[in-house]
Every structure is written in C-alpha cells, then in structure tokens.
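One structure is given below, encoded as structure tokens.
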Amino acid sequence: MSSLIVDLVLCGVAYVVLIYFVATMTKSNLGRNSDSSDDGDGGVEDFTPPKIDLPPGVIWPTDSPTKKSPREPLEV
C-alpha cells in the first residue's frame, strides 16, 4: 500500500471518531435541558423601555398636554 492510502484511511478513522465524540457530548446536553422552558441567556428580564434624555423643548407624544388652550385669532 502506498503512504497516501494509509494517510487517507487514518484521516477517515479520525474523522469518524471525532464525529462520534461530538455527537455523544451534544446529545447529553440537549437531553438534560429539554424539560425547562428557559432560553438559557440568564439574567433578570426587564421589559421597561429605557429612559431617553431628550433635548430641551422636545417631549414625547405621550407626555403632551391633553387640553390645548384657546388661541387668540390672528389679524392679517
């Protein structure tokens, strides 16, 4: 046999062994966490929107006054 054939066979065996170990390690992690509904990112969930500092004179539409004062008629 030539050395190329021996190298290809050894690489193939190493590939099969590597895939076997990766598959067995991944299968144990997936089976262990299957019963929980947690997505795994951790931390405390905070659904409140951030408070953004607006420039002077700019307000959010939700903070606008509800009643408008009557305007004086314009003279042209």
Side-chain angles (χ1 to χ4, degrees):
M1 272 197 202
S2 75
S3 63
L4 178 64
I5 305 244
V6 172
D7 287 342
L8 289 176
V9 169
L10 289 177
C11 286
V13 169
Y15 179 75
V16 169
V17 170
L18 180 68
I19 294 299
Y20 172 75
F21 283 125
V22 169
T24 55
M25 287 190 287
T26 308
K27 183 175 65 172
S28 66
N29 285 341
L30 293 176
R32 188 174 22 174
N33 295 332
S34 64
D35 59 344
S36 70
S37 63
D38 187 21
D39 58 356
D41 60 353
V44 177
E45 294 182 8
D46 186 18
F47 294 113
T48 59
K51 184 68 178 168
I52 299 175
D53 188 24
L54 297 173
V58 178
I59 60 171
W60 289 106
T62 56
D63 296 337
S64 65
T66 56
K67 295 183 179 179
K68 294 184 178 179
S69 60
R71 296 185 180 178
E72 296 178 12
L74 294 174
E75 294 184 17
V76 183

task: Report whether I5 and L10 are members of the same hydrophobic cluster (ILVMFWY, side-chain heavy atoms less than 4.5 Å apart, transitive linking).
output: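 Yes.
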- request: Indicate, with yes or no, if I59 and I52 share a hydrophobic cluster defined by side-chain heavy-atom contacts under 4.5 Å among Ile, Leu, Val, Met, Phe, Trp and Tyr.
  value: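 I52 does not cluster with I59.
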query: To the nearest 0.5 Å, how far apart are CG in L8 and OG in S2?
result: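 Those atoms lie 8.0 Å apart.
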query: Which distance, rounded to the nearest 0.5 Å, do you find between the CD1 of I19 and the OG1 of T24?
result: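 These two atoms lie 11.0 Å from each other.
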